[in-house]
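Heads up: the structure comes next, in structure tokens.
Per chain, numbering begins at 1; letters A, B, ... match sequence-line order.
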Amino acid sequence: MIEVKNLIKVFEGRGQVVRAVDDVSTQVGKGEVVVIIGPSGSGKSTFLRCLNGLEEFDDGRVIIDGIDLTESKTNLNAVRREVGMVFQHFNLFPHKTVLENVTLAQRVVRKRKPAEANDKAMRLLTKVGISEKAGEYPSRLSGGQQQRVAIARALAMDPKVMLFDEPTSALDPEMVGEVLDVMKQLAREGMTMAVVTHEMGFAREVADRVMFMDAGRILEDAPPAEFFTAPREPRAQAFLKQVL
Amino acid sequence: MPLKRHSVQWPWQALLAVILLGLATGLWVATKRVNYEWRWERVPQYFAYRAEASQTAPVAGTVRGISTDGAYSRVEIVPEDGGPSVTVAVETDTLKVKAGDPVAEGDDIGAERHWKIGPLTWGLWVTIWISFVSGFIGLIIGLVTGLCRLSPNPTLRGLAVLYIELIRGTPLLVQIFIFYFFIGTVLNLDRIVAGVGALALFVGAYIAEIIRAGIQSIAKGQTEAARSLGMSTTETMIHIVLPQAFKRVLPPLAGQFISLIKDSSLVSVIAITDLTKSGREIITSSFATFEIWFTVALLYLLVTSLLSQLLFWLERRFARSD
Ligand SMILES: Nc1ncnc2c1ncn2[C@@H]1O[C@H](COP(=O)(O)OP(=O)(O)OP(=O)(O)O)[C@@H](O)[C@H]1O
Ligand SMILES: [Mg+2]
């Protein structure tokens with residue numbers, strides 16, 4: 001479903017060069033759940049943002065469901081609608097109600113009829129347990145509720161892949177659970193997911209594979225049972241010692 | 001400040017009253033000293049007045065009778081050549097004939113009065129529509145220029161920057177002269193077109209900067225969220241960025257439009273009869289210099305405060321989602 005070959009992303013600014021993603025190659029199969037962990041600044045977000053072309057990378061290729069993002073004839077917008085993304089800070093549209101947040105892209109991008117889009121939105125909002133807030137503006141919602149709306153908004157496009165960039169990091173502890181529950185359900189339903197998170201419990205329970213990133217490279221890629229009990233890399237061992 | 005204290009208000013309000021009273025007295029004394037005679041009663045006629053149009057006899061004949069109905073009188077004339085009688089309606093107090101009088105064709109019978117709008121009303125109207133039209137065009141220019149200013153294309157960006165700097169670095173008065181005497185002559189423009197054009201270009205540059213700042217103030221995450229849903233750059237602009245930016249730029253935009261109404265007074269230099277020019281013209285005939293200028297100022301104040309009320313109301317409507 002996702003294929004990455006020799007991906008390189010370099011940030012240049014103020015005389016210093018940061019290799020945020022440094023020659024990364026990997027694959028994610030259909031229905032697989034991959035959790036990416038690593039210290040701050042290791043390039044996790046940048047890597048994830050390269051997967052839907054939000055970040056223009058310098059070299060390598062990213063192939064989503066057989067479509068190569070680097071090819072000049074590829075319509076990036078067409079690829080992006082197949083790849084849902086959930087952000088750390090939700091990024092809901094503040095001038096639109098919850099319902100409109102979920103219907104807007106369906107109408108504009110998928111050209112669905114209002115009734116059809118509303119229907120779909122209400123079903124998804126029910127699924128993430130927030131249908132009673134459909135008419136509210138995002139500013140009236142708690143962080144956990146906003147993040148669940150953001151997930152519904154991404155799902156409304158019927159994506160083939162979902163990317164999560166620290167979806168629970170900006171939440172108060174008591175709201176983390178409600179968002180993780182939604183994500184677990186998605187994983188059970190067979191969604192292909194790439195998740196950057198610091199929730200080790202989630203990784204253990206849901207992930208098919210755990211990737212450990214440091215300094216722009218994937219240093220370890222193993223099933224959670226293996227990774228959490230016997231990490232091979234010394235830096236992964238040090239990192240796990242810190243967070244567990 | 002730990003506790004909210006109820007500060008005593010009335011001494012300050014009293015002081016305010018004293019200061020205002022002092023200013024009013026100063027004004028009064030000042031006009032006394034220059035021996036100015038106030039003639040406020042002359043002002044209303046410049047808003048609207050009753051114009052007299054004299055009515056003449058359409059045929060030669062004799063006045064058979066006059067039927068008076070309050071302010072109006074109907075004069076019935078029997079023609080000499082024996083045709084059917086004709087009636088002429090005039091104001092009673094302007095009647096110049098009585099029953100039995102012989103009249104020749106073209107003789108004055110009296111006058112009819114009707115309301116005509118005066119130069120102040122007319123000037124106010126010109127000021128309002130010139131501001132409105134140039135503000136509207138300026139808004140479009142500003143929107144396009146603001147977007148160009150943020151465009152990744154260096155040509156568009158360069159042109160936008162050049163235009164904005166040229167306009168913001170020169171006085172409006174000079175721009176109006178250049179527009180009228182140079183561009184207006186080359187393209188053979190009407191003075192009104194030149195005036196509106198100069199104002200629109202002027203305000204457009206300022207609006208462009210307001211729009212640019214508004215767009216830049218929208219968090220990057222909004223664009224990223226929209227793009228990650230598959231929206232194109234244009235769709236993102238239309239549905240996500242511009243609506244939010246518009247809400248934010250409403251207050252500075254309001255200020256700009258209010259400035260525009262005031263700045264529009266400068267078009268009077270190319271002989272467009274706006275409110276200011278009307279005021280100047282009236283003064284040459286009425287000699288009520290102070291009254292007319294005060295009235296003109298008040299009219300500007302009226303228009304600008306109505307506009308700011310309107311925009312305030314708009315702003316409150318947009319605040320719904322906060
Ligand atoms: N827009 C940018 N311009 C310049 N450098 C950037 C930019 N974005 C990221 N970087 C750099 O790239 C590196 C990787 O950043 P990235 O945000 O991907 O890390 P991360 O693993 O997601 O960290 P965190 O856990 O703190 O979110 C960092 O060194 C960061 O400073
Ligand atoms: Mg990050």
message = For B/A219, which atoms come within 4.5 Å of any heavy atom of chain A: side chain, backbone, both, or neither?
response =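 For B/A219, neither part sits under 4.5 Å from chain A.
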
ask   = Top residue by heavy-atom pair count (under 4.5 Å) with chain B, among A/L92, A/V86, A/L76, A/V83?
value =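 Going by pairs under 4.5 Å, I would pick A/L92.
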
task = Determine whether more than 12 heavy atoms belonging to other residues, nucleotides or ligands lie under 6.0 Å from atom CZ of A/F11.
result =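 Above 12, so yes.
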
task = Mark yes when over 12 heavy atoms from residues, nucleotides or ligands other than B/Y163 sit less than 6.0 Å from its OH; otherwise mark no.
result =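 Enclosed.
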
ask   = Given side chains that start at C-beta, do those of A/L104 and B/I240 come closer than 4.5 Å, heavy atoms only?
value =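 Side-chain contact under 4.5 Å: yes.
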
task = Locate the shortest heavy-atom distance separating A/V109 from B/L229; write the atom from each residue and the value.
result =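 Residues A/V109 and B/L229, closest heavy atoms: CG2-O, 4.0 Å.
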
ask   = Tell me, side chain or backbone of A/F87 under 4.5 Å from chain B's heavy atoms, or both, or neither?
value =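 When you check distances to chain B, only side chain atoms of A/F87 fall under 4.5 Å.
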
When you scan chain B against chain A, which donor-acceptor pairs turn up at less than 3.5 Å?
from	atom 1	to	atom 2	distance (Å)
B/G221	O	A/N91	ND2	3.1
B/Q222	NE2	A/L92	O	2.8
B/E224	OE1	A/R49	NH1	3.0
B/E224	OE2	A/R49	NH1	3.2
B/E224	OE2	A/R49	NH2	2.8
B/R227	NH2	A/N77	OD1	3.3
B/H239	O	A/H95	NE2	2.9
B/Q244	NE2	A/H95	ND1	3.4
B/S321	O	A/S139	OG	3.0
B/D322	O	A/R140	NH2	3.1

